[in-house]
Amino acid sequence: MSRKEAAGKLWGGRFETATNRLVEDYTASVQADRRLAPQDIRGSMAHARMLGRQGVLRPEDVEAIVEGLRQVEAEVAAGTFVWRDELEDVHMNIEARLTELIGEAGKRLHTGRSRNDQVALDFRLHVDEALAQWQACLAELIDVLVHRAAEHVQTLLPGCTHLQPAQPVSLAQHLLAYAWMFRRDFDRVSDARKRVRISPLGAAALAGTTYPIDPGMVAREVGFPGVFTNSMDAVADRDFVMESVFCASVIMAHLSRLCEELILWANPAFGFVRLPDAFATGSSIMPQKKNPDVAELMRGKTGRVYGDLTALLTLVKGLPLTYNRDLQEDKEPFFDTDRTVSASLRLMAAMMAEMGFVPERMLAMLRRGFLNATELADYLVGKGLAFRDAHHAVGRAVAFAEAQERGLEDLSLEELRGFSLLITEDVFSVLDYHQAVARRAAPGGTGDVPVRGQIADLRAWLRELRASL
Ligand code: ARG
């Protein structure tokens with residue numbers, strides 16, 4: 001317990017004895033936050049340049065710092081950087097190495113800043129890069145869904161409410177419903193990024209600084225459009241993490257619904273999809289099995305992301321202003337979410353690109369479910385019958401056909417007229433499933449005209465997005 005040991009810390013000046021070993025292990029975050037090294041280095045370069053421009057640092061010191069940071073960056077990238085737990089976190093590891101490399105000038109870098117605004121900047125830069133990745137993955141998934149939808153404008157399946165067959169829809173309409181969900185997720189992430197892309201550097205520990213700094217210049221250097229307006233808010237705020245993980249939670253909820261459908265559709269009772277071999281697994285004991293494990297795991301991992309969101313919300317709720325060490329716990333939930341949501345989106349895009357749809361099975365279930373019953377009732381209403389009476393007549397026709405294991409469209413004109421004399425030869429086009437779908441031509445409906453309109457809209461959006469990158 002020598003003075004020397006305690007003084008080994010960057011903050012060791014006022015300490016008499018060394019840190020307890022357990023405390024060191026408990027408080028060190030470097031194994032997790034070393035991931036922020038690239039952002040930490042970028043932020044420090046911007047900070048040093050700004051201090052130089054403002055006359056706080058001499059030009060030769062700025063040059064030495066930037067040069068030294070480049071070398072640290074290279075060591076980190078090459079995996080030769082030695083991370084030391086006793087230096088607590090990414091910030092102090094990098095600063096210590098910088099000083100080892102360039103001497104005196106390294107000790108001047110931390111002028112006018114604190115780890116509190118430093119970590120907030122690093123993390124904002126990291127989160128923003130992750131969100132941009134999520135957006136690229138979302139666009140890729142939307143692209144795949146639109147592509148598959150375009151192949152299946154004429155493929156029909158039972159649209160459900162209550163998981164009961166309700167009305168025929170096109171597979172395209174079904175897939176596009178998900179494309180629109182992911183499109184909204186994309187927009188939600190764009191909106192969140194507006195609040196992530198704000199530089200907190202210059203808030204210092206909590207109260208701002210006496211040095212003549214220029215926070216706007218730092219923001220420009222790191223490519224953020226916004227600058228903090230209140231130093232206390234700048235170091236205490238973690239909304240940007242909570243909001244990002246909320247966006248991820250909604251993405252996972254959407255993925256999980258799609259997973260649930262794929263799992264059902266892969267069951268032989270539905271048989272609507274054949275899982276591509278590359279995306280399914282077998283059973284170690286039942287040779288006939290082909291399991292939808294990817295979809296199941298993705299549904300399961302949704303809970304993990306909700307857990308991360310809960311952890312963050314709970315982390316912040318009782319904290320007095322401003323920085324509290326609790327906030328160090330904000331990173332791992334985000335890293336976990338980032339890993340989960342990125343991998344899930346990529347996998348879903350790859351799996352949907354190869355999903356084997358089985359239109360015959362979809363059509364078979366349409367027939368068995370009398371999904372043209374509403375059409376027949378509407379037809380009778382069109383011929384002047386009151387809706388209640390039409391409903392009753394069609395109900396009797398369904399019971400009759402069902403008893404013989406036939407569809408309504410399989411009954412003869414004579415048989416149909418047994419339920420209402422208003423029925424004539426033109427009924428058969430009404431009972432045709434494709435026509436039932438095509439007739440839903442009003443905006444947003446499942447008819448091929450509005451469906452092709454949706455495909456065109458999403459394609460135009462994707463094109464514009466690519467052009468803007
Ligand atoms: N490792 C810390 C974190 O992630 C950095 C900030 C430390 N600040 C402090 N005052 N101890 O939150």
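In each ligand, atom 1 is the first atom listed, and ligand 1 is the first ligand listed.
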Less than 3.5 Å apart, which donor and acceptor atoms pair up between the side chains of residues 86-94 and the rest of the protein, not counting sequence neighbours?
unit_1	atom_1	unit_2	atom_2	d
E86	OE2	R84	NE	3.0
E88	OE1	R115	NH1	3.1
E88	OE1	R325	NH2	3.4
E88	OE2	W11	NE1	2.9
D89	OD1	H91	N	3.3
D89	OD1	M92	N	3.0
D89	OD2	R115	NH1	2.7
H91	ND1	D40	OD1	2.9
H91	ND1	D122	OD2	3.2
N93	OD1	R84	N	2.8
N93	ND2	R84	O	3.2
N93	ND2	D89	O	3.0

Output block, N or O contacts of ligand 1, threshold 3.5 Å exclusive:
unit_1	atom_1	unit_2	atom_2	d
ligand 1	1 (N)	D89	OD2	2.9
ligand 1	1 (N)	Q328	OE1	2.9
ligand 1	4 (O)	K331	NZ	2.6
ligand 1	8 (N)	N116	OD1	2.9
ligand 1	10 (N)	N116	OD1	3.1
ligand 1	12 (O)	Y323	OH	2.4

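Put simply, the side chain of M351 reaches to within 4.5 Å of the side chain of L262, judged on heavy atoms.
For E261 and H174, the side-chain atoms include at least one donor-acceptor pair closer than 3.5 Å.
Checking each of S256, S344, S249 against T302 for a side chain to side chain contact (heavy atoms under 4.5 Å, CB included) leaves exactly one that passes, namely S256.
Using a 30° and 60° split on the angle between ring planes, H254 and F182 fall in the perpendicular class, above 60°.
Q135 places a side-chain N or O within 3.5 Å of a backbone atom of F186 that can act as its donor or acceptor partner.
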